[in-house]
Amino acid sequence: METESEPYVRLESLRQLHQVMADMNTARSLADTLQTVADGAVGALGYEMAAVNLVRPDGDLVVAAFSGNSAAEALITGRVGSRESWERRLNMGERWGDLVFIPHTEGWVLDDDDVPQWYTDGPAPRFEDEWHPSDRLFAPMYTPGVQGGSSGELLGVISVDRPRNGRRPGAWGREALQMYAFQAAIAISNARLRANMQRALVRLEREQQALRASEESFRQAFEYAPSGMAIAEMGGDQHGRILRTNDALCRLLGRPASAMRRYSFSDLVHPEDIGTLLRTSAEGGRAELRLGRRDGSYVWVSLRNSVVADAADGPRFLLTHVEDIEERKRRELQLAHRASHDSLTGLPNSAELRSRLSARLCQRPAHADAMESLDAAYGHPVFDAPAGHGFDFAPGTQAYDAYDHHVHTIAPEDGRDDGTKGLAVLFCDLDGFKSINDRFGHNAGDAVLIEVARRLTRGVRDGDTVARLGGDEFVILADGLGRADAQDLAVRLRNEIIQPIRAEGRAVRVGASFGIGWAHCGMTADEVLKSADERMYVEKRSRPKQHRRAG
């Protein structure tokens, strides 16, 4: 371009410049864009050599593209100049708009800096505007949208060497180079943006591939897990509704997947376990409860919850792991039953009997003894408690203490039956049992104990307790009986026991002595049992020996 007289720039030169600018913006990659910029400065602007120095993330500038001399290109492409050296160059010399021209008369001070450069040989200038081999011309490139070196962010620098006409650029040449640097900055920024977008797309595609692989792994782990898995909605009107189940859970509950989607776990849980389910936290919550099967039965399971999100801000779902623990629960119940029941008769044992009895009693209030002492001293109740507070009630009634929220158990009054109901404790001791053991052996004795246990259990109401205290002693807890009811129960049970019992191929008979005690609050379980035991011995001694055992 500069080979022509500036007032007469050919239209062809403008077309070349326009084409180069178009090529910069259509290059396929950032590297191609940079090379197009360097080639355009040579081919369209008419410089013998051009280099594109690009600012790196660390601030230094690297020679990213070179054009015009293959030897120079091989020598300096990829070399780095420090930002400090570049700042010194751009702040000295002559300012031609945004361009920086450093004449050879000043350039000697830059000979020792680390900016990569190529020296050309040539004769000394013969006239004032002739280009000297040591002249330097730089076109800074600033971020798009800001034109002017004082306020823009430096993107890079185009350095050119020796115009083909051998003269320093005139006004048109300077304007063209400045405009070219501005357009090059736009092209390079766009190329960087495209490169970043391409990298982001590649990264996104990889992430999507990884996500698809993860989803497939989750699907397979969910579908083919050996234990039950379910996904339920979390939050909203449909909270807890089951959305998806695996085959293992469907097999466990005997329900098809289509039917499972009509339920939530609260619909399937055993009524007694609904509180356990509601207390189970959504995230990391665990619970052991019973779920209903299609056939109406229930199976013990362990539920473990996890919260998963569909996306970063998407809906949250509840992932529930369901493990079949029926066998373990069965063993636990068996162990608990063995610990609390007699191994021979299957009845509750002594420890279980005391536990059930203690649960119906409350401890004697700490102030009761002091109150009774005051009553005795004054000859009348000192404190008349308000009705319903349980301190001053007729004997043989149940009182409600508003202070400890406990229904007190009080025995009916001795010597009369006024309709008061209480907790009767029937202490049963077999008569003639030792002689059966001695004559026929322990197997016969065990058979007698088993049959007596069966007859006692058959003779009481649902909810009453029949326990084996030890040896040939049995205890019955029957709540809500009056004195006459308890005596009738003892007679009926005695009549059941004295019937012949088959043991070791022969018929044997035993008798039974019953003592009836009454539980009331303030007593311990041992005190109640001792009271019934003492009454049993009174009853046993009151009958002639020959009448204690029938036959």
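If you read the sequence from its start, that first residue is 1, and numbering goes on from there. These values consider heavy atoms only, across backbone and side chains, with no hydrogens, waters or symmetry-generated copies.
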### Task
For Asp526, enumerate each residue passing the salt bridge (charged side-chain N to carboxylate O under 4.0 Å, His left out) test, keeping only those at least two apart in sequence or located in another chain.
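Checked Asp526 against salt bridge (charged side-chain N to carboxylate O under 4.0 Å, His left out); matches are Arg354.
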
[X] and [Y]: which non-hydrogen atoms are nearest, and at how many Å?
{"X": "Phe427", "Y": "Leu529", "value": "CD1-O, 3.9 Å"}
{"X": "Gly240", "Y": "Ala232", "value": "O-CB, 3.8 Å"}
{"X": "Gly511", "Y": "Ile498", "value": "CA-CG2, 4.0 Å"}

### Query
Does some side-chain heavy atom of Val452 sit less than 4.5 Å from a side-chain heavy atom of Phe433?
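A side-chain contact is absent here, since even the closest heavy-atom pair is not under 4.5 Å.
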
### Message
One pair to check against side chain to side chain contact (heavy atoms under 4.5 Å, CB included): Ile497 and Cys428. What are the steps and the verdict?
### Response
CA-CA 11 Å; Ile497 291 174; Cys428 173; 4.1 Å; yes

#### Entry: Cation-pi check, Arg255 onto Tyr263 ring (under 6.0 Å, within 45° of axis)
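Arg255 over Tyr263 ring: yes.
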
### Query
Would you say the side-chain atoms of Arg241 pair up with the backbone N or O of Glu233, donor to acceptor, closer than 3.5 Å?
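Absent.
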
### Query
Has the side chain of Ser217 got a donor or acceptor atom that lies under 3.5 Å from a matching backbone atom of Ala213?
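Yes: the side chain of Ser217 pairs with the backbone of Ala213.
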
### Query
Would you say the side-chain atoms of Ser513 and Asp429 include a donor-acceptor pair closer than 3.5 Å?
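Result is no, nothing qualifies.
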
#### Entry: Polar side chain donor-acceptor pair, Arg468 to Thr345, under 3.5 angstrom
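There is no such pair (donor and acceptor under 3.5 Å, judged by atom type) between the side chains of Arg468 and Thr345.
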
### Task
Given side-chain hydrogen bond (donor to acceptor under 3.5 Å, both in side chains), test Asp267 with Ser264 step by step and report yes or no.
CA-CA 5 Å; Asp267 299 324; Ser264 65; 3.2 Å; yes

### Message
I'd like to know whether CZ of Arg439 has more than 12 heavy-atom contacts from other residues, nucleotides or ligands below 6.0 angstrom.
### Response
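Open: at most 12 neighbouring heavy atoms sit under 6.0 Å from CZ of Arg439.
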
### Message
Any carboxylate oxygen within less than 4.0 angstrom of a Lys/Arg side-chain nitrogen, looking at Arg454 and Glu451?
### Response
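Counted as a salt bridge, because a side-chain N and a carboxylate O are separated by less than 4.0 Å.
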
### Message
I need the single residue from Trp300, Phe265, Tyr298 that forms a ring pair (Phe, Tyr, Trp, His ring centres under 6.0 Å) with His270. Which is it?
### Response
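Only match with His270 under ring pair (Phe, Tyr, Trp, His ring centres under 6.0 Å): Tyr298.
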
### Query
Would Glu323 and Arg328 satisfy side chain to side chain contact (heavy atoms under 4.5 Å, CB included), going step by step from the backbone distance to the final call?
CA-CA 11 Å; Glu323 182 182 1; Arg328 174 168 69 80; over 6 Å; no

